[in-house]
Undergrad: 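Let me begin by handing over the structure; questions about it come next.
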Amino acid sequence: MPIPTVEKQLKVIKRGTVEIVPMDELVEKLKKSYQNQKPLRIKLGCDPTRPDLHLGHSVILRKMRQFQDLGHHTILIIGDFTAMIGDPSGANKTRPALSRQEVVENGKSYFEQASKILDPDKTEIVYNSEWLSPMSFEDVIRLASHYTVARMIERDDFTKRYQNNDTISLHEFLYPLAQGQDSVHLKSDIELGGIDQKFNLLVGRHLQKEFDQSPQVCLMTPLLIGTDGNQKMSKSYDNYIGIDETPEDMYGKTLSIPDNLIYPYFELVTDVDEEALRLLKEKATSDPRNTKHELAWTITNMYHGVEKADQARSHFEKTVVKKDVPDDIPEFAIVSGEHHRILDIMKSVNFVASNGEGRRLVTQGGVTLNGEKITDPQHEFALDSGKEVILKVGKRKFGRLIAK
RNA sequence: GGGGAGGUACCGAAGCGGUCAAACGGGGCAGACUGUAAAUCUGUUGGCUUACGCCUUCACAGGUUCGAAUCCUGUCCUCCCCA
């Protein structure tokens, strides 16, 4: 497949990016690549500590996918070396180190999930332990000599932590260097990353210059705000929509985003074309309800297909809007004829973690049997063989209890 | 190396011998309301228990005391100032 013209490429590449440094070098690289029909080397690093990918990750992975479709060579780095030591970046805490085995498994799982977005056949996968592990202490010192303390503490999160008197371990300074070394080793032309990675990407650029390479262009995408509407999407904030989630959860969670995120979501995590995007921007404010449903459907469709997306929509209408019982709910067998305490049942089907929690939910009116509110935590019931009853706990936990 | 300040529940942060399972805020969960799993309001937020009560928890390990998150000793960890 031939590499398209620079203009065509730029159109695709620019969508949903927040910054490209430097722009003119990107154009230059694209030009050369087009003239020689020689693909550029696109680098994306991933951290295999948390293997559950969500829409936030999808933003940058989709960017990677676009480069694949444009005919470039894409390299996914599994940061196994860095993960084993415990990368603190972004957070204000040192992350726990992982074992070799965990890292390998996480990396595998990461790639599996990422394959929903990337073209797996066009993705070169490398582990950075391959070249970082064999480095000697001397090599590391030499590498470190290419960067200064002053520039290091320019990094935003270091500055903040330093001002807050938070701990910064010395080895944390080596992380950007390790990531930069990846760029040097791979001779990358473009490195992709979220805007929070800007510093790290720039270090790679700097180091490549130091080693007389053509420095990489850094392409940053914005951080996707999570469903809570104020923090970046992250598993640890529990404001994420996972790409492995059920159609129902995906649909419902998408509807829970604040209205002002409707447009950014369309732009960053869906494939709708430019023209449609323009229309949606206006529609998102004039008709937020329907536009948000459209968004939820579009996202669910991307990961689960039309049929499931339709089902998810009707599921939502039924359970949330009409407060009805959904079609597909898990079934649980209970012993017939005997008295069961509602607390015991809720616990045995894992709807609550403890009796205390169950008691609280009952007292607060969050538990129903066949639609009837249970108010007494001591409530008991018995069912004859073959009979069933629908248990609802909280907003979203449904179960069909069948007597056997 | 010397001096000082700290480590409290999911997070931030009060408490400084009993009335502490531990104020307050954030987050979570639930209820009401809603186009919505949004916003807002209300309630709730260690475990066992119908309850009285009991058990585990305030960095870790010991100790003093009728009684400790609170006092003492040691250990580990963090921050600040000086060198």
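First the proteins, then the strands, lettered A, B, ... as listed; each starts at 1.
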Undergrad: According to the interplanar angle, ranging from 0 to 90°, do the rings of A/H171 and A/Y175 count as parallel (below 30°), tilted (30 to 60°) or perpendicular (above 60°)?
TA: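 Ring orientation, 0 to 90° scale: perpendicular.
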Undergrad: Going by ring pair (Phe, Tyr, Trp, His ring centres under 6.0 Å), name the residues that satisfy it together with A/Y237, two or more places apart in sequence or in a different chain.
TA: none
Undergrad: Rounded to the Å, how far apart are A/Y251 OH and B/U36 C1'?
TA: 10 Å
Undergrad: Is the side chain of A/N301 donor-acceptor paired with the backbone N or O of A/V306 at a distance under 3.5 Å, no angle test?
TA: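 Yes, A/N301 side chain to A/V306 backbone: donor-acceptor pair under 3.5 Å.
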Undergrad: Does the side chain of A/S354 get closer than 4.0 angstrom to OP1 or OP2 of B/G46 through an N or O atom?
TA: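 So the side-chain polar atoms of A/S354 never come under 4.0 Å of the phosphate oxygens OP1 or OP2 of B/G46.
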Undergrad: At less than 3.5 Å, do the side-chain atoms of A/K323 and the base atoms of B/U34 form a donor-acceptor pair?
TA: yes
Undergrad: At 4.0 Å (heavy atoms only), tell me whether A/E248 reaches a base, stays on the sugar-phosphate, or touches nothing.
TA: base
Undergrad: In whole angstrom, what separates A/N230's CG from B/A38's C1'?
TA: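 Rounded to whole Å, this separation is 12 Å.
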Undergrad: Taking ring pair (Phe, Tyr, Trp, His ring centres under 6.0 Å) as the definition, give me every residue that meets it alongside A/F351, ordered by chain and number, with sequence neighbours left out.
TA: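 So A/F351 forms a ring pair (Phe, Tyr, Trp, His ring centres under 6.0 Å) with A/F332.
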Undergrad: Which class fits the ring pair A/H54 and A/Y240: parallel under 30°, tilted 30 to 60°, perpendicular over 60°?
TA: tilted
Undergrad: For residues A/Y127 and A/S133, determine if any side-chain heavy atom of one lies less than 4.5 Å from a side-chain heavy atom of the other.
TA: no
Undergrad: Please tabulate, one pair per line, each protein N/O and nucleotide N/O from nucleotides 78-83 of chain B that are separated by under 3.5 Å, including the distance.
TA:
unit_1: B/U78; atom_1: O3'; unit_2: A/T167; atom_2: OG1; d: 2.7

Undergrad: Using the ring centroid of each side chain, check whether A/F158 and A/F173 are separated by less than 6.0 Å.
TA: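 Ring centroids of A/F158 and A/F173 are less than 6.0 Å from each other.
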Undergrad: What I want to find out is whether A/E317 reaches A/K322 closely enough, with some N-O distance under 4.0 Å, to be called a salt bridge.
TA: no
Undergrad: With sequence neighbours excluded, what pairs up with A/D244 under the salt bridge (Lys or Arg N to Asp or Glu O under 4.0 Å) test?
TA: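 If we apply the salt bridge (Lys or Arg N to Asp or Glu O under 4.0 Å) test to A/D244, skipping adjacent residues, the hits are A/K116.
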Undergrad: Please compare A/L361 and A/R289 by the position of their nearest nucleotide in RNA chain B and report the one closer to 5'.
TA: A/L361
Undergrad: Give every pair of a protein N or O atom and an N or O atom of nucleotides 49-53 of chain B that lie under 3.5 Å apart, one pair per line with the distance.
TA:
unit_1: B/U49; atom_1: OP1; unit_2: A/N355; atom_2: ND2; d: 3.3
unit_1: B/U49; atom_1: OP2; unit_2: A/N355; atom_2: ND2; d: 2.5
unit_1: B/U50; atom_1: OP2; unit_2: A/R341; atom_2: NH1; d: 3.0

Undergrad: For B/C48, does OP1 or OP2 lie under 4.0 Å from any side-chain N or O of A/K347?
TA: yes
Undergrad: Only pairs with both distances under 3.5 Å count, Watson-Crick or wobble alike; so what is the partner of B/G17 in this structure?
TA: none
Undergrad: When the C1' atoms of B/G26 and B/C33 are compared, how many Å lie between them, rounded to an integer?
TA: 23 Å
Undergrad: Rounded to the Å, how far apart are A/I257 CD1 and B/A38 P?
TA: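 After rounding, the gap between these two atoms is 12 Å.
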Undergrad: Mind checking A/F316 for me? I need base, sugar-phosphate or nothing, with any heavy atom below 4.0 Å counting as a touch.
TA: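 Since a base atom lies under 4.0 Å of A/F316, the category is base.
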Undergrad: Applying the Watson-Crick and G-U wobble criteria at under 3.5 Å, what pairs with B/C79? Answer none if nothing qualifies.
TA: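 Across any shown strand, B/C79 pairs with B/G4.
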Undergrad: Please list, pair by pair, any protein nitrogen or oxygen found under 3.5 Å from a nitrogen or oxygen in nucleotides 56-59 of chain B.
TA:
none

Undergrad: Distance between the P atoms of B/U50 and B/A38, in whole angstroms?
TA: 33 Å
Undergrad: Could you check how far OH of A/Y240 sits from C1' of B/G28, rounded to whole Å?
TA: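 In whole Å, B/G28 C1' lies 14 Å from A/Y240 OH.
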Undergrad: Going by the rule side-chain contact (heavy atoms from CB on, under 4.5 Å), which residues pair with A/S256 if we only count those two or more places apart in sequence or in a different chain?
TA: A/T227
Undergrad: Taking any heavy-atom pair under 4.0 Å as a contact, classify A/L255: base, sugar-phosphate, or nothing.
TA: base
Undergrad: Nearest to the side chain of A/D259, which nucleotide is it out of B/G35, B/A30, B/A38?
TA: B/G35
Undergrad: Mind checking the C1' distance from B/A51 to B/U64? Whole angstroms is fine.
TA: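 That atom pair is separated by 36 Å.
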Undergrad: Tell me, which pairs form a salt bridge (Lys or Arg N to Asp or Glu O under 4.0 Å) where one or both residues lie in residues 262-280 of chain A, sequence neighbours left out?
TA: A/R62-A/D271
Undergrad: If you measure from the C1' atom in B/C76 to the same atom in B/A21, how many Å do you get, rounded?
TA: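 Taking atom C1' in both B/C76 and B/A21, they lie 26 Å apart.
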Undergrad: Does the structure show a Watson-Crick or G-U wobble partner for B/C71, both distances under 3.5 Å? Name it, or say none.
TA: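 Pair assignment: B/C71 / B/G63.
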Undergrad: Work out how far the P atom of B/G25 is from that of B/A83, and round it to whole angstrom.
TA: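 Their P atoms lie roughly 45 Å apart.
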Undergrad: A/H315 has an atom NE2; how far is it from atom P of B/U36, in whole Å?
TA: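 To the nearest whole Å, that distance equals 15 Å.
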Undergrad: Can you sort out the partners of A/Q311 under side-chain contact (heavy atoms from CB on, under 4.5 Å), two or more places apart, ordered by chain and number?
TA: A/E307, A/K308
Undergrad: Taking atom C1' of B/A30 as reference, at what distance in whole Å does atom NZ of A/K392 sit?
TA: 11 Å
Undergrad: My understanding is that only residues two or more places apart in sequence, or in another chain, count here; which of them pass ring pair (Phe, Tyr, Trp, His ring centres under 6.0 Å) with A/Y162?
TA: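 By the ring pair (Phe, Tyr, Trp, His ring centres under 6.0 Å) rule, A/Y162 matches no residue at all.
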Undergrad: Considering only atom P, compute the distance from B/A30 to B/G47 and round it to an integer number of Å.
TA: 16 Å
Undergrad: Are OP1 or OP2 of B/G35 and a side-chain N or O of A/K292 less than 4.0 angstrom apart?
TA: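 So the side chain of A/K292 is outside the cut-off, no N or O lying under 4.0 Å from OP1 or OP2 of B/G35.
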Undergrad: Which value, in whole Å, describes the distance between the C1' atoms of nucleotides B/U70 and B/C20?
TA: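 Result for the C1' pair: 10 Å, nearest Å.
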Undergrad: Taking CZ from A/F351 and P from B/A30, how many angstroms apart are they, rounded to a whole number?
TA: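 For the pair A/F351 CZ and B/A30 P, the rounded distance is 13 Å.
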Undergrad: Does a side-chain heavy-atom distance below 4.5 Å link A/E191 with A/L186?
TA: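 Counting from C-beta outward, A/E191 and A/L186 never come under 4.5 Å.
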Undergrad: Could you pull out all residues at least two apart from A/E210 that satisfy side-chain contact (heavy atoms from CB on, under 4.5 Å)?
TA: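 side-chain contact (heavy atoms from CB on, under 4.5 Å) check on A/E210 returns A/H146, A/H206.
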Undergrad: Under 3.5 Å, which N/O atoms of the protein pair with N/O atoms of nucleotides 39-44 of chain B?
TA:
unit_1: B/G43; atom_1: N2; unit_2: A/Q364; atom_2: OE1; d: 2.8
unit_1: B/G43; atom_1: N2; unit_2: A/Q364; atom_2: NE2; d: 3.3
unit_1: B/G43; atom_1: N3; unit_2: A/Q364; atom_2: OE1; d: 3.0
unit_1: B/U44; atom_1: O4'; unit_2: A/Q364; atom_2: OE1; d: 3.2

Undergrad: Between B/U75 and B/C80, how far apart are the two C1' atoms, rounded to whole Å?
TA: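 Result for the C1' pair: 22 Å, nearest Å.
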Undergrad: Which of these passes side-chain hydrogen bond (donor to acceptor under 3.5 Å, both in side chains) with A/S183: A/R41, A/R205, A/K43, A/Q208?
TA: A/K43
Undergrad: Could you tell me how far apart A/N260 (CG) and B/U36 (P) are, to the nearest whole angstrom?
TA: 19 Å
